[in-house]
Amino acid sequence: MTFQHPGLSGLNALGTPLPRVLRPKRAVPSDAVRPTRAEVNLAALRHNLRVVQRAAPTSEVWAVLKADGYGHGAKAVARTLERAGAHGVCVALLEEGIELRDAGIRKPILVMGGYYGDAWGELLRHDLVPVLYDAAQVEAIADEVRFSASEPARVHLKIDTGMSRLGALPKNVAEVADAIARSPEIELDGLMTHFACADSGDEESLRGQLESFEAATTELAERGLRPRVRHAANSAALLSLPESHLEMVRPGLALFGIEPKTGLAPDLKPAMRVHTEIVALRDLEPGQSVGYGWTWTAKRPSKIATVPIGYADGLPRSLSNNGHLLVRGRRAPIVGTVSMDLTMVDATDVAGVTLRDECVMLGQQKGPLGEDEITAAELAQKLGTIPWEVLTSVMRRVPRFYREP
Ligand SMILES: *Cc1c(COP(=O)(O)O)cnc(C)c1O
């Protein structure tokens, strides 16, 4: 049974418009009590889709929404981008694909992870498109189609042109292609590869991988196999190398408003803000210390604000005495160690600070003292990681709230 999500049409069963703000489904009511939230701007997602469409005007855009839509909530993001004109959705896991189908997504869903166990039946029942790379997978899915008397299965074939992660190696392309060519149960909808060095801007390596992709395309054509679409470009490739666009592009990060490399698309708008509120304020005398291990000690009379966000929410513990939150439009340093659920900031220089003032961990803030932004790129650099990890580190227990501008 496929469940049709009422949100798809924008109308409920009685034909009245649905509210435009999707509230998160909460496991426990107390989730709503704590002011810690990840706020996702749906208008920013649509804007970023347009930026991508303009950069690759003749290609289909399939939104990459693995890992719960890079932490933004895959279902709401998929619904938004589906309505805004994305041609399809890519996920990593079979489970992620099923979640989106069950949420009413009707566009094609490509499951890129390459691992399906023996759940081929599940895959077909949910009308998901698998990425295959060896002859055994081709035969397994052909068997399933025969067994369940289904329509031919649409599949994408992945070629390893240098990433050395997933995909048929060039020397094995002929074998997989033969398996597909002799299986009427299989329709080769797509041919794909993935770049290793797109984010570092190594265009020569991209061109080399594209050449090897062309060679694989030719080998398939020699066996009468002509995939409807070919695709290779992630966000960085699609924003930097038009010849990588082919018939389809697979952006993830850019749709969430973040440049894979500074300067590639300055007009992207970050879609997520993570914020909370001050729940306690105290005045400290010089010599008094803060938090586990007393790693910070006041040198002057200080005002310390406690906020209900910690490392179990995705505020990295390595920001202890080493990071900031935005309060009233300016930066306040994190003092003491970040604990699991709570963090302290030094608000001594935040004029007018009061209980319930908003504190931003990620994103922009405008306030009476100014305007500032903590970007995913800034956090990533500070933490020695990449913006992708910053986004996917915002934990599940932080409720996602969806807003229009
Ligand atoms: C994650 C992923 C993408 C999207 O990458 P971004 O850099 O986030 O745009 C595209 N293709 C594959 C195979 C991926 O795993």
Side-chain angles (χ1 to χ4, degrees), residues 45 48-49 51-53 55-56 59-72 74 77-78 81 86-94 96-97 100 108-116 128-133 155-168 190-203 205-206 209-210 213 216 229-242 244-265 268 270-272 376-377 380 385-394:
L45 293 173
N48 298 329
L49 176 63
V51 171
V52 164
Q53 286 167 331
S59 304
E60 293 189 6
V61 177
W62 289 42
V64 179
L65 303 184
K66 57 199 183 190
D68 202 24
Y70 289 41
H72 294 63
V77 175
L81 295 178
H87 288 80
V89 171
C90 308
V91 294
L93 315 186
L94 179 60
E96 293 173 334
L100 293 181
I109 299 176
L110 183 67
V111 183
M112 302 191 299
Y115 183 78
Y116 313 98
L128 304 173
V129 183
V131 170
L132 307 181
Y133 50 84
V155 307
H156 287 210
L157 173 63
K158 184 164 191 179
I159 311 293
D160 179 3
T161 58
M163 176 77 178
S164 304
R165 190 173 72 174
L166 280 184
L191 184 66
M192 70 184 283
T193 191
H194 193 47
F195 294 122
C197 304
D199 307 321
S200 45
D202 179 355
E203 284 190 13
S205 84
L206 267 63
Q209 287 195 253
L210 281 172
F213 196 45
V229 288
R230 294 190 309 146
H231 49 109
N234 58 3
S235 299
L238 93 84
L239 293 171
S240 63
L241 193 70
S244 72
H245 293 170
L246 308 175
E247 293 82 39
M248 167 181 157
V249 293
R250 301 190 308 265
L253 194 73
L255 293 173
F256 301 104
I258 296 169
E259 295 176 291
K261 204 166 101 203
T262 320
L264 280 185
L268 293 172
M272 182 151 62
T385 181
I386 52 175
W388 291 259
E389 190 179 6
V390 169
L391 294 181
T392 54
S393 298
V394 179

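When a ligand or atom number is given, it counts from 1 through the structure's own listing order. For this chain, numbers begin at 1 and follow the sequence in order. The structure presented is a predicted model; accordingly, all values stated were derived computationally and were not measured.
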### Query
Under the 3.5 angstrom rule, does the side chain of E247 hit a backbone N or O of E60 as a donor-acceptor pair?
no

### Query
With under 30° as parallel and over 60° as perpendicular, where do the rings of H231 and W62 fit, or are they tilted in between?
parallel

### Query
Quick check: does K158 get an N/O under 3.5 Å from an N/O on ligand 1?
no

### Query
When rounded to the nearest 0.5 angstrom, what distance separates CG in L110 from CE in M248?
5.5 Å

### Task
Run down the list M112, K66, R165 and name the one with the heavy atom closest to atom 1 (C) of ligand 1.
K66

### Query
Which atoms of ligand 1 have any heavy atom of P251 under 4.0 Å away?
9 (O)

### Query
Got an N/O contact under 3.5 Å between D199 and ligand 1?
no

### Task
If you have a sec, work out which protein heavy atom is nearest atom 9 (O) of ligand 1 and how many Å separate them, to one decimal?
S235 OG, 2.5 Å

### Query
In terms of residue, atom name and distance, what is the protein heavy atom nearest to atom 12 (C) of ligand 1?
H194 CE1, 3.3 Å

#### Entry: atom 11 (N) of ligand 1: the protein heavy-atom neighbour that sits closest, reported with distance to 0.1 Å
R250 NE, 2.9 Å

### Query
Is the shortest distance from a heavy atom of A236 to ligand 1 less than 4.0 Å?
no

### Query
Would you say M272 and L391 make side-chain contact, with heavy atoms under 4.5 Å?
yes

### Heavy-atom side-chain contact between L255 and Y70 under 4.5 Å
no

### Numbering as shown, the atoms of ligand 1 that approach W388 to under 4.0 Å (heavy-atom distance)
6 (P), 7 (O), 8 (O)

### Message
Closer than 3.5 angstrom, by distance alone: can the side chain of E96 be matched with the main-chain N or O of L93 as a donor-acceptor pair?
### Response
yes

### Message
With heavy-atom distances below 4.0 Å as the criterion, list the atoms of ligand 1 near L253.
### Response
6 (P), 8 (O), 9 (O)

### Task
Could you name the option among F256, F195, Y70 that has the heavy atom nearest to atom 8 (O) of ligand 1?
Y70

### Task
Verify, without hydrogens or angle tests, whether S59 (side chain) and V249 (backbone) share a donor-acceptor contact under 3.5 angstrom.
no

### Message
Would L210 and L241 count as a side chain to side chain contact (heavy atoms under 4.5 Å, CB included) here? Give the steps.
### Response
CA-CA 11 Å; L210 281 172; L241 193 70; 4.2 Å; yes

